Amino acid sequence: MLHCMFLLSDVGEIMLEKQWMGQQVDRSICSWFWTQAHPPGQDDSDPAKVPAVIASPTYYLINIVREGVTFLACTQSEMQPLLGIEFLCRVADVLADYFGGFNEDLIKDNYVLVYELLDEMMDSGFPLTTEPSILKEMITPPNLVSRVLSVVTGGSSSMSSTLPTAASSNVPWRATGIKHTNNDVYFDLVEEMDAIVNKDGFLVKCQVYGEVQGNSRLSGMPELTLNFVNPSIISDVRFHPCVRYEDWESRQLLKFVPPDGHFKLMSYRVKGLENTPIYVKPQLSCSEGVVRVNILVGIRVDPGRPIESVVVDIPWPPSVTTTELTANLGTVSYNHSTKVCTWTIGRIPKEKSPCLTGSVNLEAGLDRLHEFPTISVGFKIMGVALSGLKVDKMEYANVGYRPYKGFRAVTKATCYEIRT
């Protein structure tokens with residue numbers, strides 16, 4: 001069970017504190033955590049490298065970071081770490097859904113609403129109501145009218161006086177009696193590729209983490225069935241509670257009653273991919289305190305759609321003083337404080353390979369680099385799922401209308417590293 005939760009700003013200040021148990025957790029635990037997560041002298045520490053679970057002398061600390069805001073939960077008892085991490089992620093998603101975004105200012109402007117949501121999402125340290133559709137029936141999302149009424153009447157609560165019907169239903173993620181003028185449902189295959197290429201140019205690791213995101217605007221209580229052409233390639237699947245797991249286990253079918261609005265139907269992983277859509281060939285040669293740079297980028301495997309938003313980041317070591325780099329395509333910028341060179345290419349043309357050339361100067365007394373950079377590459381491909389997962393068809397039942405259906409895919413690079 002979780003004892004409490006804190007929201008910390010990007011400098012470690014406590015923005016919000018919520019205690020769920022009778023035993024109060026001292027706020028000094030936040031200072032201890034911040035020192036562990038951001039050691040003194042490391043101002044540019046990466047939040048992604050902070051362990052999700054840290055054991056303090058008195059508590060287990062579970063944390064995630066969203067838009068610079070740290071969600072920190074404390075527990076004294078043994079529990080499944082993924083339960084705490086998933087709950088914090090659900091809190092962040094609900095807040096973003098309520099406010100139409102997420103940042104420190106939105107939290108500060110809606111303190112009362114955040115406390116009301118946390119009261120309903122956790123009961124005595126155990127998750128209770130986490131479905132956005134039910135929460136929105138219980139607690140009205142903020143709007144201009146509610147803000148004006150709170151100022152005029154002096155009331156600040158958004159709580160409903162009646163219990164939502166879905167709270168006592170066997171389909172708690174969907175309210176009864178939903179009606180839409182236009183009935184349609186859309187699904188997005190959103191994939192993120194992780195790859196590592198060693199200094200010899202060989203692919204060490206390449207895998208895809210994907211999500212099936214839905215947006216349903218269907219009347220009544222529809223039952224949908226989603227078929228994949230090749231479901232056997234995916235592993236580590238995780239489903240929304242609406243999915244009937246028995247049908248997936250027996251026939252690899254996704255049968256479900258969808259929530260109303262946006263939702264994440266499932267997540268998955270595809271391991272052991274043999275190729276990346278683009279290649280990056282770096283050549284670094286050192287002589288007399290100068291590093292000659294030549295980096296070539298091109299299309300390795302044509303995905304059939306344009307490769308867009310290509311960005312190459314080169315984090316140079318502290319021994320680098322100045323850079324003189326130019327590119328035949330795109331723009332090159334250099335941050336003197338972080339020593340990171342950013343090459344923004346955009347779309348890769350098929351008729352010409354982008355190339356970055358130039359030199360990097362080292363500190364006096366150094367003839368060569370002693371610490372070589374790890375190049376990071378980002379890109380986006382619309383209309384293609386690099387994992388090869390394809391949707392076959394979607395069937396519907398228990399409705400008297402014919403809904404409009406739409407499918408699309410997008411692949412992004414999140415951790416594509418080339419070691420030099």
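Nothing fancy with the numbering, it's 1 onward along the sequence. Nothing here was measured: the structure is a model prediction, and the numbers come from that model.
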#### Entry: Separation between OG1 of Thr129 and CD of Glu137, rounded to the nearest 0.5 Å
11.5 Å
### Task
With the side chain counted from C-beta on, respond yes when Cys74 and Tyr60 share a heavy-atom pair under 4.5 Å apart, and no when they do not.
no
### Message
With a 3.5 Å distance limit and no angle check, can you tell me whether Asn230 reaches the backbone of Ser232 through a side-chain donor-acceptor pair?
### Response
no
### Query
Which residue pairs pass the salt bridge (charged side-chain N to carboxylate O under 4.0 Å, His left out) test when at least one of the two sits in residues 385-396, sequence neighbours left out?
Lys393-Glu395
### Query
Is there a donor-acceptor contact under 3.5 Å from the side chain of Thr323 to the main chain of Leu325?
no
### Task
Step by step, work out the salt bridge (charged side-chain N to carboxylate O under 4.0 Å, His left out) result for Glu308 and Lys412.
CA-CA 10 Å; Glu308 302 174 320; Lys412 298 176 287 186; over 6 Å; no
### Query
Could you state the interatomic distance from SG (Cys206) to CG (Asp194), rounded to the nearest 0.5 Å?
8.5 Å
#### Entry: Test side chain to side chain donor-acceptor pair (under 3.5 Å) applied to Asp26 - qualifying residues, sequence neighbours left out
Ser28
### Query
Looking at residues at least two apart in the chain, or sitting in another chain, which of them share a side chain to side chain donor-acceptor pair (under 3.5 Å) with Arg244?
none
### Task
Please answer whether the main-chain N or O of Tyr186 pairs with a side-chain N or O of Asn215 as donor and acceptor at a distance below 3.5 Å.
no
### Task
Begin with the C-alpha distance, continue with both residues' side-chain angles, and end with the deciding distance and a verdict on side-chain contact (heavy atoms from CB on, under 4.5 Å) for Gln213 and Phe263.
CA-CA 6 Å; Gln213 299 176 358; Phe263 64 98; over 6 Å; no
### Task
Take Arg27 and Glu17 through the test salt bridge (charged side-chain N to carboxylate O under 4.0 Å, His left out) and record every step on the way to the result.
CA-CA 9 Å; Arg27 305 181 77 181; Glu17 172 187 357; 3.1 Å; yes
#### Entry: Donor + acceptor pair across side chains of His180, Asp260 (<3.5 Å)
yes
### Task
Tell me, please, which residues at least two apart from Lys264 pass salt bridge (Lys or Arg N to Asp or Glu O under 4.0 Å).
Glu211
### Val91 to Met5 - nearest heavy-atom pair and separation
CG1-CE, 4.3 Å
### Message
Minimum heavy-atom separation for Leu203 and Leu273, please, with both atom names.
### Response
CD2-O, 3.8 Å
### Message
Can you see whether Ser235 engages Arg269 through a side-chain donor-acceptor pair at a distance of less than 3.5 angstrom?
### Response
no
### Message
List the residues meeting ring pair (Phe, Tyr, Trp, His ring centres under 6.0 Å) with Phe71, not counting sequence neighbours, and say none if there are none.
### Response
Phe102
### Task
To the nearest 0.5 angstrom, please state how far the CG atom of Asn294 sits from the CD atom of Gln283.
5.0 Å
### Message
Test side-chain contact (heavy atoms from CB on, under 4.5 Å) on Leu113 and Ile139; report intermediate values, then the result.
### Response
CA-CA 8 Å; Leu113 185 61; Ile139 304 171; 3.2 Å; yes
### Query
With a cut-off of 6.0 Å (strictly less than), are more than 12 heavy atoms of other residues, nucleotides or ligands near CD of Glu288?
no
### Task
Kindly write out the residues that satisfy side chain to side chain contact (heavy atoms under 4.5 Å, CB included) with Ser309, not counting sequence neighbours, or none if the list is empty.
Lys380
### Message
Quick check: closest heavy atoms across Val320 and Leu362, and the distance to 0.1 Å?
### Response
CG2-CD2, 3.9 Å
### Pairwise distance OG(Ser9) to CD1(Ile107) - rounded to 0.5 angstrom
12.0 Å
### Message
For Arg300, is the CZ atom crowded, meaning more than 12 foreign heavy atoms sit under 6.0 Å from it?
### Response
yes
### Query
Between Glu191 and Tyr268, is any side-chain donor less than 3.5 angstrom from a side-chain acceptor?
yes
### Query
Tell me, do Tyr98 and Lys136 make a side-chain contact under 4.5 Å, heavy atoms counted?
yes
### Query
Taking side chain as C-beta onward, heavy atoms only, is Val243 less than 4.5 Å from Met266?
no
### Task
Name all pairs fulfilling the side-chain hydrogen bond (donor to acceptor under 3.5 Å, both in side chains) condition that reach into residues 352-375, sequence neighbours left out, sorted by first residue then second.
Thr322-Asn361
#### Entry: Residues Val280, Ile295; criterion side-chain contact (heavy atoms from CB on, under 4.5 Å); working and verdict
CA-CA 7 Å; Val280 179; Ile295 301 178; 3.8 Å; yes
### Query
Within 45 degrees of the axis of the six-membered ring of Phe407 and under 6.0 Å from its centre: does Lys405 put its NZ or CZ there?
no
### Message
Just to verify, what does Trp316 make a ring pair (Phe, Tyr, Trp, His ring centres under 6.0 Å) with, not counting sequence neighbours?
### Response
none
### Task
Taking the side chain as every heavy atom from C-beta outward, state whether Val94 and Leu117 have any atom pair closer than 4.5 Å.
yes
### Message
Side chains of Val114 and Phe99, heavy atoms from C-beta outward: is any pair under 4.5 Å?
### Response
yes
### Message
With a 4.5 Å cut-off on side-chain heavy atoms, are Lys271 and Asp236 touching?
### Response
yes
### Task
Sequence neighbours left out, what passes ring pair (Phe, Tyr, Trp, His ring centres under 6.0 Å) with Tyr334? Give chain and number order.
His336
### Minimum side-chain heavy-atom gap His240-Glu131 below 4.5 Å
yes
### Query
What residues form a salt bridge (Lys or Arg N to Asp or Glu O under 4.0 Å) with Lys339, not counting sequence neighbours?
none
#### Entry: Closest non-hydrogen atom pair, Leu2 against Met21
O-CG, 4.0 Å
#### Entry: With Asn227 via side chain to side chain donor-acceptor pair (under 3.5 Å) - residues at least two apart
none
### Within residues 53-78 or reaching into it, pairs that qualify as salt bridge (charged side-chain N to carboxylate O under 4.0 Å, His left out) - sequence neighbours excluded
Arg66-Asp93
### Message
Return the CG to CG distance between Leu254 and Leu224, rounded to the nearest 0.5 Å.
### Response
10.5 Å
### Message
Other residues, nucleotides and ligands only: do more than 12 of their heavy atoms fall within 6.0 Å of OH on Tyr404?
### Response
no
### Message
Go through it in stages, so that I can follow the logic: the residues are Leu135 and Glu120, the test is side-chain contact (heavy atoms from CB on, under 4.5 Å), and I'd like the CA-CA distance, side-chain angles, deciding distance and then a yes or no.
### Response
CA-CA 8 Å; Leu135 289 171; Glu120 298 300 331; 3.9 Å; yes
### Distance, nearest 0.5 Å, that separates OG of Ser333 from CH2 of Trp343
12.5 Å
### Query
Any side-chain donor-acceptor pair under 3.5 Å between Tyr416 and Ser376?
no
### Task
Evaluate whether atom CG of Asp200 has more than 12 neighbouring non-hydrogen atoms of other residues, nucleotides or ligands under 6.0 angstrom away.
yes
### Message
If we ignore hydrogens and angles and just use 3.5 Å, is the side chain of Trp173 paired with the main-chain N or O of Val257 as donor and acceptor?
### Response
yes
## Note on the structure
Between Pro354 and Leu296 the two heavy atoms that sit nearest each other are O-CD1, 3.5 Å
## Note on the structure
Here the pair of heavy atoms bringing Leu118 nearest to Trp20 is O-NE1, 3.5 Å
### Query
Quick one: are Tyr209 and Val190 in side-chain contact, heavy atoms under 4.5 Å?
no
